[in-house]
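So you know, we letter chains A, B, ... as the sequences are listed, proteins then strands, and number each from 1.
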Amino acid sequence: MGTLSAAVKASGSALAAERTRIEVALSNIANASSTRTADGGPYRRRDVILTPDNVNSFDAALGKASATGVRVAGIVEDTEPFQQVLDKSHPDADPVTGLVQLPNVNTQDEMVDLLQAARAYQANLAAVTVIRDMVARALELGK
Amino acid sequence: MSINAIAGARLAQPGNITQGLSKSAGGADGFAQSLGRLIEGVEETTGAANTAVTDMLNKNGDVHDAMIALHHAETTLQLTVQIRNKLVQAYQDIMRMPV
């Protein structure tokens, strides 16, 4: 049971991590044309960095950590240059050149990220289902 | 996880069962105590499931966390019911024994 619950915990952490990825991809899509932010300049695309969890645990030190979860190490901003579009009528256009700086978000790429994260979420749900079925079968031994 | 508590229950040792039920061995980790801990585990996991569902309803928690907590509670309860069934069955078997 201990191992199985650790496995469910690991899958649960992966579900939370994938949910974060989906949220970040969604906010990138939502802000695909935000030209004004609190820091000035257009919205910068954000990315999620994932890292294995429990790397410093007691079991890991003994080399016995079987189920290792995942956690969000951080959400970083993409340093790619902004897109520039000529639109003199835009309120945020450069008064001299007439160029508008748009976020460095590529909606197609974000959709791919979004679907990837959604599929990964489904994969982890399937893993939880496998463990749930194993436990249910083991309990049937008593019947 | 709270289910881990069950792992330490040492149910499979016949010596413990007799000690626990007869209460002859002072402070021994007997079967009655094991059953007590199992019920504590059920209460604990049910409480955790309750918290997770409340968190989810308050928009602080995730749906999957709530479902996993609910499943833990359900599994612990099923395990307890199975062990209780086995215990009652063993008792009835002994009571039916012709002397």
Side-chain angles (χ1 to χ4, degrees), chain A residues 1-26 48 50 53-54 57-59 62 64-72 117-143, chain B residues 1-12 17 31 34-35 37-49 51-53 55-56 58-93:
Chain A
M1 286 297 270
T3 321
L4 288 179
S5 79
V8 172
K9 212 174 171 183
S11 288
S13 71
L15 290 172
E18 296 304 335
R19 198 217 51 210
T20 311
R21 274 179 71 195
I22 290 172
E23 281 173 0
V24 168
L26 285 178
V48 182
L50 301 179
D53 203 3
N54 298 332
S57 74
F58 189 65
D59 276 355
L62 294 173
K64 277 163 56 179
S66 51
T68 305
V70 63
R71 67 181 168 85
V72 176
R119 293 282 179 252
Y121 190 91
Q122 287 175 3
N124 283 295
L125 283 180
V128 175
T129 311
V130 167
I131 295 165
R132 192 193 62 190
D133 290 349
M134 280 168 66
V135 174
R137 286 294 185 88
L139 281 171
E140 277 177 26
L141 281 177
K143 287 179 185 168
Chain B
M1 286 273 155
S2 44
I3 291 185
N4 284 346
I6 298 164
R10 287 198 271 158
L11 295 173
I17 296 173
F31 190 77
S34 303
L35 208 62
R37 255 191 283 169
L38 208 54
I39 290 164
E40 274 171 28
V42 172
E43 277 178 7
E44 202 180 314
T45 49
T46 312
T51 315
V53 171
D55 276 356
M56 198 200 77
N58 291 336
K59 300 187 172 86
N60 296 326
D62 288 329
V63 181
H64 59 256
D65 282 337
M67 293 314 289
I68 287 172
L70 279 171
H71 181 246
H72 264 298
E74 189 193 344
T75 311
T76 316
L77 181 65
Q78 280 176 356
L79 180 65
T80 311
V81 168
Q82 289 294 346
I83 290 167
R84 175 248 173 222
N85 288 347
K86 286 286 164 204
L87 185 64
V88 170
Q89 200 187 340
Y91 171 76
Q92 283 173 344
D93 283 347

Asker: Between V8(A) and H72(B), is any pair of side-chain heavy atoms under 4.5 Å apart?
Answerer: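 Heavy-atom side-chain distance check passes, below 4.5 Å.
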
Asker: Which pairs of donor and acceptor atoms, one on a side chain in residues 84-93 of chain B, lie under 3.5 Å apart (sequence neighbours left out)?
Answerer:
unit_1, atom_1, unit_2, atom_2, d
N85(B), ND2, V81(B), O, 3.4
K86(B), NZ, G142(A), O, 3.2
D93(B), OD1, R96(B), NH2, 3.2

Asker: To the closest 0.5 Å, what do you measure between CZ (R132(A)) and OG1 (T75(B))?
Answerer: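 The distance works out to 9.5 Å.
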
Asker: Atom CG of L125(A) and atom CE of M67(B): how far apart are they, to the nearest 0.5 Å?
Answerer: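 Between L125(A) CG and M67(B) CE, I get 10.5 Å after rounding to 0.5 Å.
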
Asker: Could you name each residue pair satisfying ring-ring contact (aromatic ring centres under 6.0 Å, His included) that touches residues 124-143 of chain A, not counting sequence neighbours?
Answerer: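 For residues 124-143 of chain A: none.
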
Asker: How long is the span from the CG atom in D62(B) to the OG1 atom in T20(A), to the nearest 0.5 Å?
Answerer: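 Spacing of CG (D62(B)) from OG1 (T20(A)) equals 8.0 Å.
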
Asker: Sort A138(A) into side chain, backbone, both or neither according to what part of it lies under 4.5 angstrom from a heavy atom of chain B.
Answerer: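 For A138(A), neither part sits under 4.5 Å from chain B.
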
Asker: Quick one: closest heavy-atom pair of L139(A) and Q78(B), and the distance?
Answerer: CD1-OE1, 3.3 Å

